[in-house]
> 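Got a structure for you, written out below as structure tokens; questions coming shortly.
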Amino acid sequence: MCRSYFCNGYLMLNNAKMSKSTGNFMTLRECISQYGIDASRLALGDSGDTMDDANFDSTVANAAIMKLFVLEEWI
């Protein structure tokens, strides 16, 4: 379990700057309740691989749910 994290630059949600004033905002609790902890970890890990701004994409999270389901069925 990580004890801390940091971000450099803007946080993006589905390729749009995350901002409370525009309503484009998601907390970690909301993310976990919507996608589950494992899919959230995979999507967050995929969101900041480059020097670009971190982008949490809901399609990646949904794909992670399906991949995890298939993996569990295979096991």
Side-chain angles (χ1 to χ4, degrees):
M1 187 74 181
C2 71
R3 294 180 184 250
S4 65
Y5 62 93
F6 74 97
C7 63
N8 190 13
Y10 290 110
L11 295 176
M12 310 283 274
L13 181 62
N14 296 324
N15 293 320
K17 180 182 165 193
M18 195 180 325
S19 172
K20 285 184 181 178
S21 62
T22 60
N24 185 25
F25 187 79
M26 180 182 282
T27 64
L28 285 175
R29 288 186 194 270
E30 291 171 349
C31 181
I32 291 169
S33 67
Q34 185 171 357
Y35 299 109
I37 189 71
D38 293 325
S40 297
R41 283 181 182 163
L42 289 172
L44 287 169
D46 184 64
S47 68
D49 291 342
T50 63
M51 294 301 290
D52 296 333
D53 295 333
N55 179 36
F56 181 87
D57 195 356
S58 62
T59 57
V60 173
N62 287 326
I65 293 170
M66 294 305 296
K67 288 178 184 177
L68 289 167
F69 176 76
V70 169
L71 179 65
E72 183 181 4
E73 290 296 313
W74 181 79
I75 290 173

> Asn24 and Lys17: which non-hydrogen atoms are nearest, and at how many Å?
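Looks like ND2-O, 3.2 Å.
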
> To the nearest 0.5 angstrom, please state how far the CG atom of Asp57 sits from the CG atom of Asp46.
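If I round to the nearest 0.5 Å, the distance is 8.5 Å.
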
> Please round to the nearest 0.5 Å and tell me the distance separating atom CG of Leu68 and atom CD of Glu72.
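So the gap between those two atoms works out to 8.5 Å.
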
> Nearest 0.5 angstrom please: Lys67 NZ to Asp38 CG, how far?
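CG of Asp38 is found 14.5 Å from NZ of Lys67.
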
> Return the CG to CD distance between Leu28 and Glu30, rounded to the nearest 0.5 Å.
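Reported to 0.5 Å precision, the distance equals 9.5 Å.
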
> What heavy-atom pair brings Ala64 and Leu42 nearest, and what distance separates the two atoms?
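Distance-wise, the nearest heavy atoms are CB-CD1, 3.9 Å.
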
> Would you say Asn15 and Asn55 are linked by a side-chain donor-acceptor pair, where the criterion is simply a distance under 3.5 Å?
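Distance-only check passes for Asn55 and Asn15.
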
> Mind listing the closest non-hydrogen atom pair of Phe56 and Ala61 along with its distance?
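Shortest heavy-atom separation between Phe56 and Ala61 comes out as CZ-CB, 4.0 Å.
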
> For Asn62 and Tyr35, work out which heavy atoms get closest and say how close.
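For Asn62 and Tyr35, the tightest heavy-atom pair comes out as OD1-CE2, 3.4 Å.
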
> If two hydrophobic side chains count as joined below 4.5 Å and joins carry through other members, does Leu13 share a cluster with Val60?
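Not linked; separate clusters.
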
> Please report the shortest heavy-atom distance between Ser19 and Thr22, naming the atom on each side.
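Heavy atoms only, the tightest pair is O-OG1, 3.2 Å.
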
> Can you measure from CD1 (Ile32) to OG (Ser40) and round to the nearest 0.5 angstrom?
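Answer rounded to 0.5 Å: 5.5 Å.
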
